[in-house]
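Comments concern the structure below.
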Amino acid sequence: MLLVAVIALTIGSPVLLSAAICMLVMLVLALASVVTALLTLQARVVCAATRLLRGEKAAYQAEVSFRSILPVGDIVVNVAGGAGTDSIRFGGMPFRVYRASGEKVFQHRGVYAPVSGSVWVTDVFDLFTFRRTLFAAGGEVTVLPRRRPLLPFQMQMGDTGPEEVRRFPDDASSPSGVREWRDGDLIKRIHWKLTMKTYDPSMRNLKPMVRTYDEAARPDMLVMPDLARLDAVAERARTIEDALCEATLSVIAAQLEEDAPVRLLLGRAGEIEGHGAQDVGAFAGALARVAFDAETPYEQALADATRRLDRTGAIVLITSRLTSRLADCAIRLRQMSGVAVAVIWITDTGRADADALMARLELADVIARRDNPFRAGEGAEVQ
């Protein structure tokens with residue numbers, strides 16, 4: 001345009017000057033159409049599902065309209081979230097509502113913004129292309145970890161070793177009442193003062209009265225996943241995080257279905273407790289939202305969390321970094337507390353030193369299992 005204008009003014013050609021003016025008008029109209037379209041653009045993406053399992057598909061609908069009097073070339077909506085980004089191309093006529101639908105596959109657990117992305121607007125002359133962030137609608141999409149159909153191990157919650165001697169079926173600190181003697185009652189629970197009041201001189205006998213107590217709470221299972229930041233490429237790190245969360249959920253769900261209490265420690269996210277199958281959903285939601293950004297080393301977090309084990313019958317450690325120091329912590333915990341201890345190692349390594357660590361844990365009566373999330377098939381297999 002500038003070149004034609006200079007030539008037209010140099011040689012005094014009205015034809016070339018008119019061509020330069022036409023180019024200028026095209027430039028102004030192109031810029032004005034894109035800017036006004038972006039200012040009046042209404043674009044949104046609504047996802048049909050707000051809660052689904054990892055690997056499932058979610059249908060969505062994209063809707064675009066703008067109210068500028070100038071048409072544009074096309075509008076491209078890039079729908080992010082899940083696996084990859086979908087590009088949907090719409091027409092550029094004003095005062096019309098364009099709709100399109102599609103499906104997204106969510107390969108990793110997490111909480112996603114409502115299938116969000118960006119929108120690109122191009123003028124009819126293909127001179128300008130501007131971008132705007134797409135504010136989606138429909139609420140967050142929570143992708144839950146999957147539960148494994150088979151458990152890697154079964155832990156005997158009642159077998160608590162040395163701690164069993166100080167755990168009773170009744171809580172001596174919570175008396176509930178008094179009743180008559182029954183076969184099998186302990187002599188030390190006889191209420192002697194009330195028993196003496198039952199003495200009948202004519203019958204010359206006593207009716208022993210026994211103190212009763214509230215039933216003590218069942219020992220719970222303490223589950224501690226390693227929430228430290230993973231030093232790996234993004235896709236590999238997400239796969240390992242999925243395996244950590246799914247192994248955690250599998251162990252928890254199996255215990256809750258047996259009405260066994262469970263405690264889950266999630267670092268800065270706090271502690272979650274459950275007592276039955278109805279609580280599995282709460283644990284799954286928490287694992288979908290948890291961030292792997294713990295600043296405290298896993299060994300230190302383990303030492304801090306296991307100082308109060310009065311009502312703990314088993315401890316499950318789930319990590320992707322099994323070191324000699326962590327193995328020592330697990331063995332020491334098993335020997336000093338007497339509770340059942342299990343270690344699930346998320347890895348695909350086959351080194352000899354790794355096998356030696358696993359054997360060392362098993363020799364110390366620590367349940368050790370290896371979970372490979374990169375194995376073909378279901379994506380993970382517990383050995």
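By the neighbour-count criterion of 12 heavy atoms within 6.0 Å, atom CD1 of Ile11 is densely surrounded, having more than that number from other residues, nucleotides or ligands. For Arg96, the CZ atom sits in a loose shell: 12 or fewer heavy atoms of surrounding residues, nucleotides or ligands are nearer than 6.0 Å.
Formation of a donor-acceptor pair under 3.5 Å by the Arg54 side chain with backbone atoms of Glu246 is not found in this model. With hydrogens and angles disregarded, no donor-acceptor distance shorter than 3.5 Å links the side chain of Tyr298 to the backbone of Leu317. Distance alone, capped at 3.5 Å, places no donor-acceptor pair between the Glu257 side chain and the Ala254 backbone. Here the side chain of Asp293 pairs no donor or acceptor atom with the backbone of Arg229 at under 3.5 angstrom. Listed for the Asp226 side chain is no donor-acceptor partner under 3.5 Å among the backbone atoms of Ile318. The closest donor-acceptor contact from the side chain of Thr319 to the backbone of Leu322 lies at 3.5 Å or more, if one exists at all. A donor-acceptor pair is defined here as one N or O able to donate and one able to accept, closer than 3.5 Å; no such pair exists between the side chain of Arg89 and the backbone of Val76. Between the Arg334 side chain and the Ala364 main chain, no donor and acceptor come within less than 3.5 Å of each other.
Side chains of Ser87 and Asn78: a donor on one and an acceptor on the other come within 3.5 Å. A donor-acceptor contact closer than 3.5 angstrom links the side chains of Thr312 and Arg263. Counted by atom type alone, Ser68 and Thr40 present zero donor-acceptor pairs between their side chains at under 3.5 Å.
Residue Ile88 is not grouped with residue Trp120 when hydrophobic side chains (ILVMFWY) are merged at heavy-atom distances under 4.5 angstrom, including chains of intermediate members. A continuous path of hydrophobic side-chain contacts links Val119 to Val124 [ILVMFWY only; heavy atoms under 4.5 Å]. Taken together through direct or relayed side-chain contacts under 4.5 Å among Ile, Leu, Val, Met, Phe, Trp and Tyr, Leu326 and Met224 form part of one hydrophobic cluster.
Of the options Val4, Leu3, Leu2, a side chain to side chain contact (heavy atoms under 4.5 Å, CB included) to Met23 is made by Val4 and by none of the others.
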